[in-house]
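All remarks here apply to the structure that follows.
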Amino acid sequence: MANVISDETLEYVGILAKLELSGEEKEAARKDMESMLDYIDKLNELDTSGAEPMSHTFAVTNVFREDVVTNGDGHEAALANAPAARGQSFEAPKTFH
């Protein structure tokens with residue numbers, strides 16, 4: 001199962017990751033990448049035919065509550081606190097001329 005990473009692949013990954021590696025660093029990265037691919041090959045040997053696909057390890061439930069109005073719109077109370085009102089709107093000074 002010895003996966004071999006070519007020089008071209010190593011250069012391409014370095015470009016994508018925006019890395020400039022020395023010769024020693026390239027060899028270390030090559031060994032790490034090859035061992036990762038070997039581990040993935042080992043995982044692919046497992047029989048997963050009875051396992052259900054999942055996106056999370058824990059069950060995901062909706063944590064949002066129902067959107068229910070409980071106290072009305074409070075329109076009059078809000079306008080009562082305004083320094084000035086015109087009709088059913090707040091009245092404010094002009095901010096630019």
Side-chain angles (χ1 to χ4, degrees):
M1 269 198 253
N3 288 293
V4 179
I5 303 294
S6 68
D7 290 336
E8 294 82 22
T9 302
L10 193 60
E11 285 294 321
Y12 182 66
V13 170
I15 290 169
L16 290 177
K18 298 183 186 312
L19 296 174
E20 292 182 20
L21 302 174
S22 68
E24 293 173 356
E25 292 171 327
K26 283 182 183 179
E27 282 308 309
R30 181 188 319 272
K31 287 179 185 175
D32 288 343
M33 291 170 67
E34 288 172 353
S35 67
M36 284 185 250
L37 291 175
D38 288 340
Y39 186 70
I40 291 170
D41 285 343
K42 188 172 188 111
L43 289 175
N44 285 334
E45 293 174 5
L46 293 173
D47 178 22
T48 58
S49 59
E52 274 189 49
M54 61 190 336
S55 60
H56 299 321
T57 55
F58 299 106
V60 178
T61 57
N62 187 355
V63 296
F64 297 114
R65 62 172 172 76
E66 279 295 317
D67 190 18
V68 178
V69 176
T70 57
N71 61 349
D73 66 359
H75 182 81
E76 287 87 18
L79 281 177
N81 292 323
R86 182 182 299 168
Q88 293 185 348
S89 303
F90 293 102
E91 186 174 346
K94 290 183 180 181
T95 56
F96 59 92
H97 297 275

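Residues: numbered from 1 along the sequence shown.
- Considering only residues two or more places apart in sequence or on other chains, T57 meets the side chain to side chain donor-acceptor pair (under 3.5 Å) condition with none of them.
- The minimum heavy-atom distance linking F90 with A78 is given by the pair CE2-O, 3.7 Å.
- Residue N62 qualifies as enclosed at atom CG: its count of foreign heavy atoms under 6.0 Å is above 12.
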Run D7 and R30 through side-chain contact (heavy atoms from CB on, under 4.5 Å) and show every step you take. CA-CA 9 Å; D7 290 336; R30 181 188 319 272; 2.6 Å; yes
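- Checked by atom type and distance alone, the side chain of T48 never pairs as donor or acceptor with a backbone atom of A51 at under 3.5 Å.
- In this structure, R86 and E91 approach most closely via the heavy-atom pair NH2-OE2, 3.3 Å.
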May I have the list of side-chain donor-acceptor pairs in residues 11-24 shorter than 3.5 Å, sequence neighbours left out?
residue	atom	partner	partner atom	Å
E11	OE2	K26	NZ	2.6
S22	OG	E25	N	3.4
S22	OG	E25	OE1	3.4

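- There is a path of hydrophobic side-chain contacts, each under 4.5 Å, that joins L46 to Y39.
- For the pair E45 and K42, the salt-bridge criterion is not met [side-chain N within less than 4.0 Å of a carboxylate O].
- Annotation for E34 and I5: closest pair OE2-N, 3.1 Å, computed over non-hydrogen atoms.
- The two residues L79 and A85 come nearest to each other via the heavy atoms CD2-CB, 4.0 Å.
- What you find for N3 and D38 is that their closest heavy atoms are ND2-OD1, 2.8 Å.
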